[in-house]
Amino acid sequence: MTEVKIGSNEMFETALKRFNRKIQQDGILAEARRREHYEKPSIKRKRKEAARQRKAARRG
């Protein structure tokens with residue numbers, strides 16, 4: 001569970017930005033989007049293979 005403690009002089013907006021950044025780094029939003037709908041195993045394999053190819057292309 002992600003938690004952000006607010007300082008006594010800290011504004012709400014800055015705490016919210018820190019919270020959003022922390023959620024992004026932890027991958028919670030990506031996980032929630034991925035689990036939002038059922039994904040067939042064949043589509044999951046294709047998605048992972050495409051990610052693997054993108055990563056290999058970046059390396060050169």
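Just so you know, residue 1 is the first one in the sequence shown, and it goes up from there.
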* Under 4.0 Å between a Lys/Arg side-chain N and an Asp/Glu carboxylate O for Glu49 and Arg52? -> yes

* Distance from Ile28 atom CD1 to Met1 atom CE, nearest 0.5 Å? -> 9.5 Å

* Side-chain donor or acceptor of Arg18 paired with backbone N/O of Ile6 under 3.5 Å -> no

* **Nearest atoms (heavy-atom pairs only) where Lys22 meets Glu3** => NZ-O, 4.0 Å

* Asked: Under a single-linkage definition using a 4.5 Å side-chain heavy-atom cutoff for Ile, Leu, Val, Met, Phe, Trp and Tyr, are Leu29 and Val4 assigned to the same hydrophobic cluster?
  -> yes

* Less than 4.0 Å between a side-chain N and a carboxylate O, is that true for Arg33 and Glu36? -> no

* Output the rest of the hydrophobic cluster of Met11: all Ile, Leu, Val, Met, Phe, Trp and Tyr residues reachable through side-chain heavy-atom contacts under 4.5 Å, sorted by chain and number. => none

* To do: Verify the neighbour count for atom CD of Gln24: are there more than 12 heavy atoms of other residues, nucleotides or ligands below 6.0 Å?
  => no

* Can you get from Leu16 to Ile23 by hopping between Ile, Leu, Val, Met, Phe, Trp and Tyr side chains that sit under 4.5 Å apart? -> no

